[in-house]
Asker: 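Okay, handing you the structure first.
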Amino acid sequence: GHVMTSPDTITVNGERLWRSLMDLAEVGAYDDERSGLRGVNRLALTDADAEGRRLVIRWMEEAGLAVRVDRMGNIYGRREGSDPAAAPVLTGSHLDSVATAGAFDGCLGVLGGIEVVRTLDERGITTRRPIEVGVFTEEEGVRFGTDMLGSAVAAGRLTQEYAHALTDRAGSTLGGELTRTGFDGTADVLLGPPHAYVECHIEQGPVLAEHGVEIGVVTGVQGISWQEITIHGRAAHAGTTPTHLRADAGLAAAQIIVRLRAMVDSGEYGDLRATVGHLAVHPDLTNIVPARARLTVDLRNPDDAQMARAEEALAAFLRSLEGIQFTTRRMARTGYVPFDEDVRKTIAQAADDHGLAHISLLSGAGHDAQEIAALSPTAMIFVRGEYDGISHNPREYSTPEACAHGVDVLATTLLRLANR
Ligand code: HGY
Ligand code: MN
Ligand code: MN
Ligand code: MN
């Protein structure tokens with residue numbers, strides 16, 4: 001459509017943005033033998049994550065931001081406004097990654113925020129409200145077991161004490177890792193409510209590409225339920241033990257996985273998605289019937305009532321398994337979170353003013369924005385991905401143009417919100 005070049009429609013330096021994305025992707029890089037690609041592995045508060053954090057803090061300081069770190073290791077870079085007492089406009093995302101990540105998940109929102117700041121400085125633009133760029137700790141939840149951890153504590157949904165006591169598989173606590181990496185900041189962890197929060201993130205799915213549009217104006221985030229199930233069977237000889245004498249924990253785990261897929265396919269639980277991402281048996285030896293199985297169940301559903309029904313159906317199935325003892329441990333649980341209408345309109349208008357086609361869509365993935373939405377009007381900008389938007393895989397890829405378009409819309413949106 002006709003591109004309006006109003007003074008508050010600003011474009012960023014796409015090459016500089018892309019270079020920062022590629023430079024950051026070198027931190028925690030590894031050769032992924034399955035795909036033959038360079039992947040990224042920066043689990044929260046590992047040395048690789050700490051190195052990425054330090055690099056980004058340096059870029060924040062070079063961009064003139066005043067940096068503070070809170071007691072959860074959340075990082076905030078602040079650009080002052082003409083009215084320093086005004087509630088800031090917040091943007092940002094996360095830098096921690098899953099173990100088989102690409103270069104974009106989370107990083108685009110953080111580096112995009114810094115690029116917006118550089119652009120405002122280059123244009124000599126002063127906004128009324130301060131602008132802050134946030135980096136939230138352990139968004140992925142794959143090391144300490146609860147996702148969106150830093151933002152959930154910043155928004156007051158989870159306590160800092162709960163978060164600090166969480167442990168990884170080796171028994172390290174999050175609190176200990178904050179201290180070890182030097183990110184045990186002193187700033188107050190409860191975030192003063194921002195005027196608005198806008199997060200730019202890759203879509204991580206196929207919808208924008210299917211519709212042939214560049215920008216997603218995100219309507220909300222679907223519900224998430226994470227639990228760990230431990231199944232207790234009995235170790236027994238693989239050769240001598242007849243079936244009726246077996247208490248096979250591995251078999252029960254397999255039955256659960258098959259049952260979950262049947263629940264999804266039945267359509268009886270709405271748009272349910274179910275994933276068993278972690279599965280381990282003990283003693284994990286060829287000729288011993290598994291004594292114990294441990295698995296994680298990740299359920300997603302945009303409808304809270306359907307999510308509850310799915311959780312109950314799984315629990316009922318567990319109870320129906322013969323001769324098997326089991327325990328369940330809830331790891332994470334968030335309901336559907338709708339985003340703010342006015343912020344969404346501001347994003348859509350910015351996309352229009354940049355001449356970029358956009359659609360509204362629900363987020364399949366969890367994001368820090370779902371937590372900050374409890375504090376202030378919040379919405380997200382999605383950037384289109386290639387290869388069906390594959391993510392949590394080194395093949396994750398968005399083009400330099402797609403990234404620049406998303407951050408252009410972010411820049412214009414932040415500028416307009418910061419002058420309201
Ligand atoms: O699990 C998620 O949805 C996000 O990637 N943390
Ligand atoms: Mn993410
Ligand atoms: Mn992710
Ligand atoms: Mn429009």
Asker: Between Thr219 and Phe339, is there a side-chain heavy-atom distance shorter than 4.5 Å?
Answerer: no
Asker: Is the backbone of Val12 close enough, under 3.5 Å, to the side chain of Asp408 for a donor and an acceptor to pair up by distance?
Answerer: yes
Asker: Which is it for Ile256 and Phe317 under the side-chain contact (heavy atoms from CB on, under 4.5 Å) test, yes or no, and what are the steps along the way?
Answerer: CA-CA 8 Å; Ile256 290 166; Phe317 180 69; 4.1 Å; yes
Asker: Main chain of Glu33, side chain of Asp31: is a donor-acceptor contact present, judged purely on distance under 3.5 Å?
Answerer: no
Asker: First locate atom CG of Asp188, then atom CZ of Arg68, and finally report the distance between them rounded to the nearest 0.5 Å.
Answerer: 9.5 Å
Asker: Would you give the length of the straight line joining atom CG of Leu158 to atom OG1 of Thr334, rounded to the nearest 0.5 angstrom?
Answerer: 10.0 Å
Asker: Is a donor from one side chain sitting under 3.5 angstrom from an acceptor on the other, for Arg169 and His278?
Answerer: yes
Asker: So, Ser20 and Glu115: side-chain donor and acceptor under 3.5 Å apart, yes or no?
Answerer: no
Asker: Pairing donors with acceptors under 3.5 angstrom, does anything connect the side chains of Ser391 and Gln204?
Answerer: yes
Asker: So for atom CD, which belongs to Gln325, do other residues, nucleotides or ligands contribute more than 12 heavy atoms lying within a distance under 6.0 Å?
Answerer: no
Asker: As an exercise, state the distance from CD of Glu214 to CG of Leu356, rounded to the nearest 0.5 Å.
Answerer: 6.5 Å
Asker: Going by an N to O cut-off under 4.0 Å, is there a salt bridge joining Glu26 and Arg38?
Answerer: yes
Asker: With side chains defined as the heavy atoms from C-beta onward, is the minimum distance between Glu138 and Thr146 less than 4.5 Å?
Answerer: no
Asker: Report yes if some heavy atom in the side chain of Leu21 is under 4.5 Å from a heavy atom in the side chain of Cys403; otherwise report no.
Answerer: yes
Asker: Closer than 4.0 angstrom, basic N to acidic O: yes or no for Arg180 and Asp47?
Answerer: yes
Asker: Considering only NZ, NE, NH1 and NH2 on the basic side and carboxylate oxygens on the acidic side, decide whether Arg42 and Glu140 come within less than 4.0 Å.
Answerer: no
Asker: Hey, is CG on Asp271 packed in by over 12 heavy atoms from elsewhere, all under 6.0 Å?
Answerer: no
Asker: How close do Glu311 and Ser225 get, counting heavy atoms only, and between which atoms?
Answerer: OE2-OG, 2.7 Å
Asker: Does a donor on one side chain and an acceptor on the other come within less than 3.5 Å for His392 and Asp105?
Answerer: yes
Asker: Test side-chain contact (heavy atoms from CB on, under 4.5 Å) on Asp340 and Thr378; report intermediate values, then the result.
Answerer: CA-CA 5 Å; Asp340 179 82; Thr378 293; 5.6 Å; no
Asker: Work out which heavy atom in Arg54 is nearest to a heavy atom in Phe183; give both atom names and the distance.
Answerer: CG-CZ, 4.0 Å
Asker: Passes side-chain contact (heavy atoms from CB on, under 4.5 Å), Arg384 versus His405? Steps please.
Answerer: CA-CA 10 Å; Arg384 159 184 183 163; His405 286 154; over 6 Å; no
Asker: Looking at Arg79 and Asp121, is any side-chain nitrogen of the basic one under 4.0 Å from a carboxylate oxygen of the acidic one?
Answerer: yes
Asker: For the atom pair NE2 (His94) and SG (Cys107), what is the distance rounded to the nearest 0.5 Å?
Answerer: 7.5 Å
Asker: Over 60° means perpendicular and under 30° means parallel, so classify the ring planes of His367 and Phe382, tilted if in between.
Answerer: perpendicular
Asker: Would you indicate whether the side-chain heavy atoms of Ile224 and Met148 approach each other to under 4.5 Å?
Answerer: yes
Asker: Is any NZ, NE, NH1 or NH2 atom of the basic residue among Asp298 and Arg300 found under 4.0 Å from an Asp or Glu carboxylate oxygen of the other?
Answerer: yes
Asker: Are any side-chain N or O atoms of Thr413 and backbone N or O atoms of Val409, one a donor and one an acceptor, separated by less than 3.5 Å?
Answerer: yes
Asker: Quick one: does Asp388's side chain have a donor or acceptor within less than 3.5 Å of a partner on Ile390's backbone?
Answerer: no
Asker: Measure the shortest side-chain to side-chain distance between Pro194 and Arg129 over non-hydrogen atoms and say whether it is less than 4.5 angstrom.
Answerer: no
Asker: Any idea how Phe136 and Tyr76 line up, ring-wise: parallel (<30°), tilted (30 to 60°), or perpendicular (>60°)?
Answerer: perpendicular
Asker: Within this structure, what is the CG-CD distance for the pair Asp184 and Glu177, rounded to the nearest 0.5 Å?
Answerer: 11.5 Å
Asker: Closest heavy-atom contact between Glu203 and Ala209?
Answerer: OE1-N, 4.4 Å
Asker: Going by heavy atoms in the side chains, are Arg78 and Pro88 under 4.5 Å from each other?
Answerer: yes
Asker: Please give me the minimum heavy-atom distance between Ile215 and Gly406, naming the atom from each residue.
Answerer: CD1-CA, 3.9 Å
Asker: Step by step, work out the side-chain contact (heavy atoms from CB on, under 4.5 Å) result for Thr11 and Thr119.
Answerer: CA-CA 8 Å; Thr11 55; Thr119 299; over 6 Å; no
Asker: Less than 4.0 angstrom from a charged side-chain N to a carboxylate O is my criterion; do Arg58 and Glu61 meet it?
Answerer: no
Asker: Heavy atoms, side chains only, cut-off 4.5 Å: are Asp96 and Thr137 in contact?
Answerer: no
Asker: So, for Asp32 and Ser35, which heavy atoms are closest and what is the spacing to 0.1 Å?
Answerer: OD2-OG, 2.7 Å
Asker: Please report the interatomic distance CH2(Trp18) to CG(Asn13), rounded to the nearest 0.5 Å.
Answerer: 14.0 Å
Asker: Do the non-hydrogen side-chain atoms of Leu295 and Ile231 ever get within less than 4.5 Å of each other?
Answerer: yes
Asker: Does CZ belonging to Arg261 count more than 12 external heavy atoms closer than 6.0 Å?
Answerer: no
Asker: Answer yes or no: is there an ion pair linking Arg309 with Glu312, defined by an N-O contact shorter than 4.0 Å?
Answerer: no
Asker: What I want to check is whether the side chains of Thr9 and Arg416 have a donor and an acceptor closer together than 3.5 Å.
Answerer: yes
Asker: At their closest point, which heavy atom of Asn74 faces which heavy atom of Ser151, and how far apart are they?
Answerer: OD1-N, 4.4 Å
Asker: Has the side chain of Arg143 got a donor or acceptor atom that lies under 3.5 Å from a matching backbone atom of Ala44?
Answerer: yes
Asker: Under 3.5 Å, is there a donor-acceptor pair between the side chain of Thr412 and the main chain of Ile10?
Answerer: yes
Asker: Donor-acceptor check, side chain of Arg128 to backbone of Ala86, threshold 3.5 angstrom: yes or no?
Answerer: no
Asker: For Thr346 and Arg420, does a side-chain donor sit closer than 3.5 Å to a side-chain acceptor?
Answerer: yes
